[in-house]
Amino acid sequence: MSVSTNPYRNLPAVNDILLLPSVVALESRYARDVIVEAIRAELSDVRAALAQGQNGVHTPEAIAANVEKRLSADLQPRLRTVINATGIVLHTNLGRAPIAEEAATAAYEAARGYLNLELDLETGKRSSRQNPIRDWVCRLTGAESATVVNNNAAATVIALRALAQGREVIVSRGQLIEIGGSFRIPEIMAVSGATLREVGTTNITRLSDYEKAITPATAALMQVHTSNYRIAGFTESVSTAELVTLGKQFSLPVIDDIGSGALIDFNRFGFSGEPMARDSISAGADLVLFSGDKLLGGPQAGILAGRKELIQRVEKDPLMRAFRCDKMTLAALEVTLRIYMNEEAALRDIPVLRMLGVLLDELKKRATALAKRLRIIETLASVEVVDDVAYVGGGSLPDQQMKTWVVEVKPRAGSDADFAYRLRVGTPAVMARIRDGKIVFDLRTIFPDQVDALVEAVCHVGRNSA
Ligand SMILES: *Cc1c(COP(=O)(O)O)cnc(C)c1O
């Protein structure tokens, strides 16, 4: 009868645990060294707990059960589905635009199989991966040619390199934007090898300011949409058409970075001042740049549309290879653009447009229905339906609010921050707003088919924090 009084000596060895049938079974799912590592980590935690004087059941079976939990938690994908209850339609941290179902299917099919990415099926010869996108962009914007890269930041760099490396580009001081994540026009300009020539002041830039700055070193005139801020009050700026006239006079191309790629008029949603790609082309801009995943509502991409000769120069740039899109993006983008051929279909099938266009009455109805289901949850002290305002996000339309309907809930126990945290780390994760001690769910960005999961998530959090 000599049971050791030293609890460490009763701990099973790694090898003993590895021999348990429940652990052997894990080998069909996890590599052996990953399992060994998890056992060591578990044993080390047990030793630490014992050292602190804690007791517990440390049979091999109990340890094996914890090892299995540990492995399944540790090997969860880090990227997960999030229910966006923030009301921000283009939420950069949540991946910006959710794409159309048909576009997602195209990306899926492209991913899991082969496709004629660089093959002309008619002739059997090699072709450019840019051709399909070029075709649709030209039809939708009236441009002579087009090409696509990974994002609009890349589009800006490659356009400046191809057109202005070693020379000067004139930009208004009112348009030297920072988008966030270190995209600043002066820095992008430096990376591209072009030299920034600033003109005007923050609030006033006249055509004569551009004209006076033109020298033999000038390679282009550039206009940048102030996507994420507005200059209001005593202001003056130059229109695209005026800049184009000046450019023609001096044989200088005009590059127009419009930011969001609006392919339809956003006035229909009550938003003003969002430039459309087609308008910029018809005003005579030589190269128009825009994102695929902002208001266009497609996958992340940077589209360049404009004069054929300039597009050819861009495509010949060695960086094109580094910046080119992959097959999944191209497949999803092509389908997204094709949907725009029919505006009615775009409004219905492109999630960004659908969320911006949903009627307030409909949102109120959805909020009321959600509230009714949440009121049954005992861990909530209050559930209210209220009207509210939200923003488009993604660095678009910064000063323009959108009316919306939300459900506000107040947890009975625990803090609002704790409740929001638990929602965030749940499965599926839920991102909500917090305001005045309440959690706010905005119906605009919650997809109708996510409501069941959302209710379940709130129930679950309530159960665990009560
Ligand atoms: C958003 C934006 C960019 C950057 O576009 P990404 O697609 O995010 O790289 C560049 N210019 C303007 C004006 C923008 O609004």
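Just follow the structure's listing: the first ligand is 1, and inside any ligand the first atom is 1.
- Not a single N or O atom of Ser260, backbone or side chain, sits closer than 3.5 Å to an N or O atom of ligand 1.
- Nearest protein heavy-atom neighbour of atom 8 (O) of ligand 1: Arg96 NH2, 2.7 Å.
- Smallest separation of non-hydrogen atoms from Val385 and Thr368: CG2-CA, 4.0 Å.
- Protein heavy atom in closest approach to atom 2 (C) of ligand 1: Lys294 NZ, 2.5 Å.
- The protein atom (non-hydrogen) at minimum distance from atom 7 (O) of ligand 1 is Ser291 OG, 2.7 Å.
- When only non-hydrogen protein atoms are considered, atom 13 (C) of ligand 1 lies nearest to Ser227 OG, 3.2 Å.
- Here the side chains of Glu334 and Thr336 are not in contact, with every heavy-atom distance at 4.5 Å or above.
- The nearest protein atom to atom 11 (N) of ligand 1, hydrogens excluded, is given as Asp257 OD2, 2.7 Å; this is a heavy-atom distance.
- Within the 4.0 Å heavy-atom shell around ligand 1 one does not find Gln300.
- Closest to atom 5 (O) of ligand 1, if we only count protein heavy atoms, is Asn152 CB, 3.0 Å.
- Within the 4.0 Å heavy-atom cutoff, Thr156 does not count among the residues contacting ligand 1.
- Considering backbone and side-chain atoms together, Asp293 places no N or O closer than 3.5 Å to any N or O of ligand 1.
- Considering backbone and side-chain atoms alike, Ala153 places an N or O below 3.5 Å from some N or O of ligand 1.
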